[in-house]
Amino acid sequence: MIAIGCDHGGYDLAKKIMEHLDEIGTEYKYFGTFDGKSVDYPDIAYPVAKSVANGESERGILVCGTGIGMSIAANKVKGIRAAVCTDHFSTKFTRLHNDTNVLCLGGRVLGDAFAL
Ligand code: RB5
């Protein structure tokens, strides 16, 4: 199970990611935002991070405008190692070398195809 959440800055990319997960048959739980209206990113980051930290979800994906706010908020939860990733090398090696469990993406930074 993957926990997913976004603020308004990440709403469009998060929807694309969930469409992709539907296509490949990967289970996820969505924590909002549900309508693309302005929200405070910690209000989304916290429940996603808790879901990973308490074992309900194996991994998390958080999307905001840059990915940075989400990573700052998620990393305040004990047991969470969240990283903003903007390239394939860092994405691969933050899993291998840092055991990150929450991927943070910037919906205003990355193209949809690149992010997927
Ligand atoms: C929202 O405008 C934007 O500040 C937020 O999505 C994020 O980029 C914060 O880190």
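The figures that follow rest on heavy atoms only: side chains count, while hydrogens, waters and symmetry mates do not. First listed ligand is number 1; within each ligand, the first listed atom is number 1. As the structure is a computational prediction, the values presented were derived from the model and not from experiment.
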Please identify each residue that fulfils salt bridge (charged side-chain N to carboxylate O under 4.0 Å, His left out) with D35, with sequence neighbours left out.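 For D35, the residues satisfying salt bridge (charged side-chain N to carboxylate O under 4.0 Å, His left out) (neighbours in sequence not counted) are K37.
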Quick check for students: name every N or O atom pair between ligand 1 and the protein closer than 3.5 Å, with distances.
residue, atom, partner, partner atom, Å
ligand 1, 2 (O), H8, NE2, 3.4
ligand 1, 2 (O), R108, NH1, 3.2
ligand 1, 6 (O), D7, OD1, 3.3
ligand 1, 6 (O), D7, OD2, 2.6
ligand 1, 6 (O), G65, N, 2.7
ligand 1, 8 (O), G65, N, 3.2
ligand 1, 8 (O), T66, N, 3.0
ligand 1, 8 (O), T66, OG1, 3.3
ligand 1, 10 (O), T66, OG1, 3.4
ligand 1, 10 (O), G69, N, 2.9

Looking at Y46, I want to see if its OH is surrounded by more than 12 non-hydrogen atoms of other residues, nucleotides or ligands under 6.0 Å. no
Over 12 non-hydrogen atoms of neighbours within 6.0 angstrom of CZ in F34: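 Counting other residues, nucleotides and ligands, CZ of F34 exceeds 12 neighbours.
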Cluster check L116, Y11: I/L/V/M/F/W/Y, side chain < 4.5 angstrom: yes
Same apolar cluster (I L V M F W Y, side chains within < 4.5 Å links), F31/L62: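 Same hydrophobic cluster.
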Given R81, which partner from the list N98, D99, T100 fulfils the side chain to side chain donor-acceptor pair (under 3.5 Å) test? D99
